[in-house]
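Since the structure comes first, as structure tokens, the remarks are kept for the end.
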2 protein chains.
Amino acid sequence: MLSLTEENYLKAIYHLSDGGTKSVLTNEVADAMSTKPASVTDMVKKLSAKKLITYEKYYGVTITKQGKTDALTIIRKHRLWETFLVQKLNFHWDQVHEVAEQLEHIQSPLLIEKLDELLNFPIADPHGHPIPDKNGKIHTGQQVPLGDIAAKKTVTVLAVNVKESSSFLQYLSKIGVYIGAKLSILDKAEFDGSIEIMIDGKKKVFVSKEASQNILVTP
Amino acid sequence: MLSLTEENYLKAIYHLSDGGTKSVLTNEVADAMSTKPASVTDMVKKLSAKKLITYEKYYGVTITKQGKTDALTIIRKHRLWETFLVQKLNFHWDQVHEVAEQLEHIQSPLLIEKLDELLNFPIADPHGHPIPDKNGKIHTGQQVPLGDIAAKKTVTVLAVNVKESSSFLQYLSKIGVYIGAKLSILDKAEFDGSIEIMIDGKKKVFVSKEASQNILVTP
DNA sequence: TAAAAAATTTAGACGAGTCTAAAAAATTAT
DNA sequence: ATAATTTTTTAGACTCGTCTAAATTTTTTA
């Protein structure tokens with residue numbers, strides 16, 4: 001049984017390690033969790049004692065098999081709740097994150113099973129991120145950043161990255177980008193990496209390089 | 001902003017004081033919260049500093065106006081979540097309490113408003129307990145314990161009391177008692193206070209005095 | 001109404017999670 | 001390859017909520 005804090009650290013480490021692909025440094029965790037490195041050192045010792053990560057002094061942490069499983073359970077809950085908030089309670093996609101951060105810690109496997117059923121076993125959350133199934137399995141097709149697409153091509157929006165702030169999502173809604181939107185790349189500016197796109201064949205807009213890296217589309 | 005623990009103490013004090021009608025002793029709180037009296041003393045000092053209760057050494061605590069308001073918000077959330085679990089997720093009425101104990105602490109007024117709407121502004125939870133409205137107002141008709149009803153009369157089940165254990169609820173389901181059931185009092189035994197009832201004109205059963213005090217019916 | 005019993009509070013300690021400041025190790029730059 | 005810098009850990013302290021044991025107050029009983 002993990003404490004709320006342990007769950008949050010584990011989730012952060014999972015994300016920072018790209019799902020367990022790489023190891024993570026103390027300072028990265030401290031940044032992500034908005035705490036001090038000293039606090040991270042304390043906590044990674046605890047998670048390491050519980051065999052959810054392996055920790056080597058001065059060299060950072062790696063998530064274990066069990067750690068991955070536990071992290072995926074939390075992520076599954078988070079994304080199911082986000083889906084519920086949007087689909088059943090009519091939240092906007094920029095309003096769900098904070099609430100889901102709380103709801104993801106509710107302990108009740110039955111609740112999650114029933115919620116999954118109510119939502120008809122969704123495979124992606126409102127931001128297009130895949131929802132791990134009951135066994136922690138993720139099925140995603142390939143997703144590439146909009147910025148990597150060559151000019152003249154047309155693609156479909158599959159997902160968008162959400163950091164802490166919801167303002168990026170509000171911006172996307174405002175310019176007309178949503179999951180499933182068709183984007184045509186009209187032009188790419190060399191000097192600042194910004195690109196001009198046509199949304200659903202109707203609306204021309206410029207998006208910054210930064211933004212284009214956080215809109216994930218079909219290859 | 002109250003901590004999870006403070007919320008739980010406040011709720012317990014609200015219930016023990018019958019909604020703020022009477023004052024509550026340290027030991028009663030300790031029993032209800034399964035903690036030691038010394039811990040209660042510490043906590044009531046904190047709640048008193050926050051003006052949610054008034055505390056007089058050795059004489060117990062009384063809930064304040066603000067304390068009542070805060071407690072009712074928590075109770076409202078608890079009962080809305082229980083209603084959600086039964087109506088939308090098909091939980092049984094004996095499965096909802098523990099999960100609602102967790103869900104009641106989620107902080108998001110918007111969430112509760114939207115949940116209320118999804119459920120169509122219910123006025124009672126699955127056990128028949130009234131759900132305080134947005135302003136903390138409770139509207140209940142009169143409810144009396146089944147044990148207080150005279151023989152030969154017929155009444156409707158309005159609510160049932162739930163203690164910690166869900167076994168009473170399972171028992172009620174088993175014998176066929178539910179919110180809205182019509183009960184006819186056939187006979188009352190003098191020696192042990194048990195009563196014989198007919199449920200929905202179909203099924204005769206004996207219920208103990210203890211049970212009959214926890215089934216609330218129309219007067 | 002004084003002694004015994006019960007209830008309550010105080011004092012001091014502990015674990016969880018956090019912090020600051022100082023020490024230690026690793027990295028980088030000269 | 002040694003010095004300077006950066007990263008990380010250790011040490012010690014603080015808050016929250018809890019506990020035990022001892023002291024105090026209230027209540028009961030004789």
Side-chain angles (χ1 to χ4, degrees), chain A residues 1-17 22-63 67 70-71 74 101-102 104-107 164, chain B residues 1-17 22-63 67 70-71 74 101-102 104-107 164:
Chain A
M1 188 67 190
L2 299 182
S3 73
L4 189 145
T5 311
E6 289 170 333
E7 288 200 346
N8 284 333
Y9 270 93
L10 187 62
K11 189 174 49 134
I13 292 168
Y14 178 89
H15 285 310
L16 290 169
S17 69
K22 55 183 193 190
S23 71
V24 180
L25 300 174
T26 302
N27 270 11
E28 302 180 67
V29 179
D31 277 4
M33 299 285 301
S34 304
T35 54
K36 303 293 165 179
S39 308
V40 175
T41 300
D42 289 344
M43 183 52 81
V44 297
K45 283 179 184 167
K46 285 186 59 182
L47 292 176
S48 168
K50 292 193 176 185
K51 309 244 189 257
L52 301 173
I53 59 177
T54 56
Y55 165 54
E56 211 178 335
K57 257 170 126 180
Y58 293 102
Y59 286 94
V61 299
T62 314
I63 201 157
D70 288 4
I74 302 164
E101 286 285 301
Q102 298 180 61
E104 71 187 6
H105 301 292
I106 302 293
Q107 302 294 346
E164 295 80 70
Chain B
M1 187 71 191
L2 299 183
S3 73
L4 190 146
T5 311
E6 288 170 335
E7 287 199 348
N8 284 333
Y9 271 93
L10 186 62
K11 190 174 47 132
I13 291 168
Y14 178 88
H15 285 309
L16 289 169
S17 69
K22 54 183 193 189
S23 71
V24 180
L25 300 174
T26 301
N27 271 11
E28 302 178 67
V29 179
D31 276 4
M33 299 287 299
S34 303
T35 55
K36 303 291 165 180
S39 308
V40 174
T41 300
D42 289 344
M43 183 53 80
V44 298
K45 284 179 183 167
K46 285 186 58 181
L47 291 176
S48 168
K50 293 192 176 184
K51 309 244 189 255
L52 301 173
I53 59 178
T54 57
Y55 165 54
E56 212 180 333
K57 258 169 126 183
Y58 295 102
Y59 286 95
V61 299
T62 314
I63 202 156
D70 289 5
I74 303 165
E101 287 283 301
Q102 298 180 59
E104 73 188 4
H105 301 292
I106 302 294
Q107 302 292 347
E164 294 80 67

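Per chain, numbering begins at 1; letters A, B, ... match sequence-line order. All values below come from the heavy atoms of this structure, side chains included, with hydrogens, waters and symmetry mates left out.
- Sorted by first and then second residue, the pairs that involve residues 48-60 of chain A and meet salt bridge (Lys or Arg N to Asp or Glu O under 4.0 Å), not counting sequence neighbours, are A:Glu6-A:Lys50.
- With a 4.5 Å cut-off on side-chain heavy atoms, A:Thr26 and A:Tyr58 do not count as touching.
- In this structure, B:Thr26 reaches the C:dT9 phosphate: one of its side-chain N or O atoms is under 4.0 Å from OP1 or OP2.
- Proximity of A:Val40 to A:Lys36: side-chain heavy atoms (C-beta onward) are nowhere separated by under 4.5 Å.
- B:Leu47 contributes atom CG, which lies 11.5 Å from atom CG of B:Asp42 (distance to the nearest 0.5 angstrom).
- Between B:Met33 and B:Lys11, the closest side-chain pair of non-hydrogen atoms is not below 4.5 Å.
- If you run side chain to side chain contact (heavy atoms under 4.5 Å, CB included) between A:Leu52 and each of A:Ile63, A:Leu2, A:Val44, only A:Leu2 comes through.
- In this model, the phosphate group of D:dT6 is not approached by any side-chain N or O of A:Asn27 to a distance below 4.0 Å at OP1 or OP2.
- At whole-Å resolution of the value, CG in B:Leu47 and P in D:dC16 are 13 Å apart.
- Paired regions of DNA chain D, where each region holds three or more successive Watson-Crick or G-U pairs whose two hydrogen-bonding distances fall under 3.5 Å, are C:1-30 with D:1-30.
- Here the closest heavy-atom approach between residue A:Ser23 and residue A:Tyr59 is recorded as OG-O, 4.4 Å.
- Distance B:Glu56 CD to C:dT9 P: 11 Å, rounded to the nearest Å.
- If you find the closest nucleotide of DNA chain C to A:Leu4 and to B:Gly60, the one lying nearer the 5' end belongs to B:Gly60.
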(request) Would you give a per-nucleotide map of nucleotides 18-26 of chain C, 5' to 3', where B means the base has a protein non-hydrogen atom under 4.0 Å away, S means only the sugar-phosphate does, and - means neither? (result) BBB---BSS

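- Contact annotation: the side chain of B:Tyr9 never approaches that of B:Leu4 to less than 4.5 Å [non-hydrogen atoms, C-beta and beyond].
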